[in-house]
Structure formats: structure tokens, C-alpha cells
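Here is the structure we will look at, set down as C-alpha cells.
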Amino acid sequence: MDHRREIRFLLNGEEVRLAEVCAEDMALDFLRLRRRLTGTKEGCAEGDCGACTVLVGRLTGGGLVYEPVNACIRPLATLDGCHVVTVEHLAGPGGGLHPVQAAMVAHHGSQCGFCTPGIVMALVALWLSTPAPGREAVEEALQGNLCRCTGYAPILRAAEAMGGFGDRAADPLVTGRAEVAARLAGLRDGRRVEVARGDSRAILPADVEDFAALLAEMPDAVVVAGATDVGLWVTKGLRRISPAIFVGHLDALRRVETRDGALHLGSGASYAEAQGPLVAAFPHLAGYWSRIGGPQVRAAGTIGGNIANGSPIGDTPPALIALGAEVVLRRGDVRRVLPLEAFFVDYGRQDRAPGEFVESLRIPLSGPGTRHAAYKISKRRDEDISTLAAAFAVTVEGGIVRAARIALGGMAGVPKRAAHAETALVGRPWCEASLVAAAADLPRDFTPLTDWRGTAAYRMKVAQNLFRRFWLEQGEARTGGAA
């Protein structure tokens, strides 16, 4: 195969070609140290504060899409074929301040100014889709940005007013979209990309078949999708990840479709890409999904990566296990399917053979009579890691519980079902007493740990209380007895 030995992308208005790139290089360091684009700040180096936010435009089936991204944990190699926009590139139609910047000035949205460029970029991402947003949309857009000075009120006022400072249709990122899309299309050549610096290698497969063959040959390679976890291995753990195979650009892994009575999610689909179809099929996930990271994390992080990483406090496994999801694993041209809960073997161990990867997920659509809920408990409401998560899918017929799937994360070394609690519930009347009795069996299913996020006793009590909450939200008083 004829490999390309450089990555190619657009940086603001310039085409960039880089041959010496290692797997551990991050976009933020390139922008600040090599291009002196110092408006993009380094705050936390873990994708939490948003000071490093830039826009990354990529070609999708629906055209050119710009998303907010944490540059501090975005591997440089993954920018191949993308358009990177930093705060220095923003401008109004006459070359003055961008409307978002003008609104921030008018409403005194900046004090020390360190976090301001990242906040501006996050709001520009919102501006491109919703130039006159309401308070709820603004607050969600800023989930991934922290400010220690302003108390947020001036920023929120600026965001709500930004539509009055200019016309979105005149934004250069809008008027120049066709030209940028054509330039990005010209950078695509369908070849595998291999770049390196020293002995650190970064590989971008040509397609999924190339990826499968490559991983079968190099089963010890680190597979990187959105890098929202792997980025921290590098920036905080100072780990080497070479050789790294980057797969976030593989469109075939990003497919989301409903067919054959199920929702099928490609493992490379980001949280943001999956959100619409998931919530349409399972409305109870709307509030839960919006609490996974912030917009920067949801734009980059992938469901397949969250599952393959195997963390006991990953946000998606409990909700998907309760829905009866199955995972499709692939090695070369061979695939196998197993229930998602069976994929998690023990802490740090998954049922994945060498050279095998998570290719997709299948989530069966629910029938009538099934009541759903998903809960996330964390110290901070937005953009925080779960202390524990719980999900319920309970089928009620004729006032009797006929089936129950209850999954929890943060209660054991793996996300898992509450088997004893489920057994205690099935066949019982659909009432508060039945759920309270089932919750009493949770100590037979879980022995939680104590850590800085919560004690074992706290986790158990909260998990049991969520059974009562499920009744209060889904029981007879709320549903009028409908099954």
C-alpha cells in the first residue's frame, strides 16, 4: 500500500503539512509553541477547563461541520483533513471584532482574560448553529468552560445578546464554507497516513478494512478514537502510546442508523453524533446524555471508546446495558456478538482478544409497557465524572413487573447488572414497596469501594434511594396507572 508520510490540514487560512509528528504530540503545543498562536491557553491540560478550546471543522455526510474541541488533549495527528480555527482567526464582516467578541466587550464578560478566548470559541460554535440562543442553550454550550473571575453572569448576558451584534450569514466561517469544504476535500486521498518523530509512530488507517488488518498485525498498538481519555494518559500520566492507531476519521465507524428493530451505533460515533438518534429512540436519555462532559468532550469522545476503555465509572455502559445492548467485536474479517454486560470481565479486563476491536453496538428498541430511567450522581452537576450511575428498564403488564434490567456503574470493578435486585422485582406488583424491597437486595449484588468521590456507604445508600426515585417518577401517581 502506498502510504502518505505527512498529515495535512488547514490552520485558519493556511494549509499545513507536517511529516515529523509523534503519537504523543498535542494540538495545543503545536499551536502555542510552533505557531505562536497564544490566544489558545493551557489551563488544566486535561480537557476540563475549556481555556484551550478551538474549532475543528471536518467534512461529514451533511457537509462541513465545526465543533468545539479541547486542543490540550487533541492529538495533532488527528487533525489530518480538518480545518482548525483559533481565536486569532475570528473577525466581523469588516475585519473588526467578531459579534461574539463584541458582545463580550459590551457586557463586560472578561476580567483577567485567561479563560476568555476559550469561552469565545465555545460561543462561536453555538453562534454558528444558534445565533440567538436562550439561557438553557447558552448554559449547555458553556458546560465545558470554567471561569474563576466573573461569576458567569456577564458571560451569559453576552451570549444571549450576541445575535444583536452581527449577522450570522455574514460570518466569514459561513460565507467561506464552500471554499473551505473544497480545500478539505482536496486534502483527502484515501491513503493510510504514517508519521513519526524519533521512535514514536502515529498511524491513520485508510479505511475500516485497513484498520482491521493493521490491528491484527499490531495487536499491542494503542487504538485512539476521541482521545478524551488517552489524551490524559499523555498529558497527566506522561505515558507513551506509540505505536498509536487513530480511527476518529473513519466515517464507516461513525454510522448511526435504525434498522431491524434496533438502533445501530458505529463505535466511532461521538456522543454528539449519537445524541439525536438515541434520544429519539429513548427519550429518557435526554437529560442524562447532556451531562456527559461538556460540548468539547461530547464532540470528540466516542461511545465505542467509552466502552472499550472499560472504566467502572464510564457514563454510557449502565444506560446501554439496561437497554439490552449488544457489542459487535471484530478481528480481521471475523466478527462476534455478545451482550454488553458480558464484555466487562473484571477491573481493567474486557472480553476482547488481541487484535480485536469494538466495531459497533446494537440497541433493541423497547416495546410498550417498559419504563426507563437513567441517573448520574456526581459532585458537580456539569462536566464531572460519575460517583455512580444507574439505569432502569422495567416492563409492567397488568400491574405486575414482568421483566427488569437494572445496571449500575461506580458500584463495582465493572459496570454490571443488579441480578438479585432484578430477581426480587420480577413477578411482584408494580408498587413502591416492591422497588424498596428490591433495593434491599443491592448489597448482595455490589460491594462498592470508598474513594474521594464517595464512601462505600454513601454509594450504597444513593443507589438504593434511586429505586425510590424511579418509583416517584414512573409510578402510578405520575403515569395514571398506564402500563
Side-chain angles (χ1 to χ4, degrees), residues 255-267 269 271 273-292 303-304 306-307 314-328 337-344 360-376 389-409 415-419 421-432 434-435 438-439 463 466-483:
R255 291 176 185 154
V256 180
E257 57 183 344
T258 301
R259 55 181 169 80
D260 304 325
L263 180 64
H264 296 259
L265 300 177
S267 60
Y271 300 120
E273 289 172 320
Q275 185 169 2
L278 263 173
V279 171
F282 308 104
H284 71 285
L285 290 179
Y288 186 88
W289 214 255
S290 67
R291 292 187 59 201
I292 298 176
I303 299 174
N306 195 234
I307 289 168
D315 285 320
T316 63
L320 297 178
I321 289 172
L323 291 173
E326 296 177 323
V327 60
V328 179
V337 181
L338 69 159
L340 180 56
E341 62 262 35
F343 178 71
F344 304 104
S360 63
L361 292 163
R362 178 187 178 277
I363 311 170
L365 302 179
S366 300
T370 300
R371 303 162 190 250
H372 296 286
Y375 305 110
K376 173 173 176 167
F392 296 78
V394 176
T395 302
V396 180
E397 296 175 356
I400 302 296
V401 176
R402 301 301 181 186
R405 295 180 64 90
I406 304 169
L408 286 93
K416 56 180 276 192
R417 290 174 66 178
E422 290 176 356
T423 300
L425 189 57
V426 174
R428 298 284 300 274
W430 172 241
C431 63
E432 183 176 6
S434 295
L435 283 160
L466 289 177
F467 279 67
R468 190 184 298 272
R469 177 177 173 180
F470 180 58
W471 166 258
L472 292 174
E473 294 178 346
Q474 301 287 333
E476 302 291 340
R478 299 287 180 177
T479 63

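Bear in mind the structure is a predicted one, so any value in this text is a computation, not a measurement. Just the heavy atoms: all of them, side chains too, but no hydrogens, waters or symmetry mates, feed the values below.
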Can you tell me how far the CG atom of Leu323 sits from the CG atom of Leu285, to the nearest 0.5 Å? 6.0 Å
With sequence neighbours left out, write down each residue that passes side-chain contact (heavy atoms from CB on, under 4.5 Å) with Arg362, or none if nothing qualifies. Ala262, His264, Glu326, Pro364
Output yes when a side-chain donor or acceptor of Glu341 lies under 3.5 Å from a complementary backbone atom of Pro415, and no otherwise. no
Just how far is it from atom CG of Leu265 to atom CZ of Arg255, taken to the nearest 0.5 Å? 13.5 Å
On a heavy-atom basis, which atom in Leu365 and which in Ala281 lie closest, and how many Å separate them? CD2-CB, 3.9 Å
Please work out which of the three classes, parallel, tilted or perpendicular, describes the rings of His284 and His372, given edges at 30° and 60°. parallel
Where is the tightest heavy-atom contact between Ile307 and Phe344, given as atom of each residue plus distance? O-CE2, 3.5 Å
Atom pair OH (Tyr375) and CZ (Arg291), whose distance is rounded to the nearest 0.5 Å: 12.5 Å
Any side-chain heavy-atom pair from Leu320 and Val327 closer than 4.5 angstrom? no
Spell out, as yes or no, whether a donor-acceptor pair under 3.5 Å connects the side chain of Tyr288 to the backbone of Asp315. yes
Mind listing the closest non-hydrogen atom pair of Pro317 and Leu340 along with its distance? O-CD2, 4.2 Å
For Arg405 against Glu422, the heavy-atom pair lying closest together: CA-OE2, 3.2 Å
Would you please name every residue forming a side-chain contact (heavy atoms from CB on, under 4.5 Å) with Ala403, sequence neighbours left out? Thr395
With sequence neighbours excluded, tell me which residues meet side-chain contact (heavy atoms from CB on, under 4.5 Å) with Ala342. Leu338, Pro339
Taking every heavy atom of Gln474 against every heavy atom of Trp430, the minimum-distance pair comes out as O-CZ2, 3.6 Å
On the 0 to 90° scale, with breaks at 30° and 60°, tag the Trp289-Tyr271 ring pair as parallel, tilted or perpendicular. perpendicular
Check whether any side-chain N or O of Arg428 sits under 3.5 Å from a backbone N or O of Ser434 as a donor-acceptor pair, and report yes or no. no
Which atoms form the tightest heavy-atom contact between Ala424 and Ala438, and what is the distance? CB-CA, 4.0 Å
Measuring from atom OG1 of Thr316 to atom CD1 of Ile321, what distance do you get when rounded to the nearest 0.5 angstrom? 9.0 Å
Rounding to 0.5 Å, atoms CG (Leu435) and CZ (Phe392) come to a distance of 7.5 Å
Point-to-point distance, once rounded to the nearest 0.5 Å, from CZ of Phe467 to CG of Leu425: 7.5 Å
Would you please test Glu432 and Arg468 for salt bridge (charged side-chain N to carboxylate O under 4.0 Å, His left out) and show each step? CA-CA 7 Å; Glu432 183 176 6; Arg468 190 184 298 272; 2.7 Å; yes
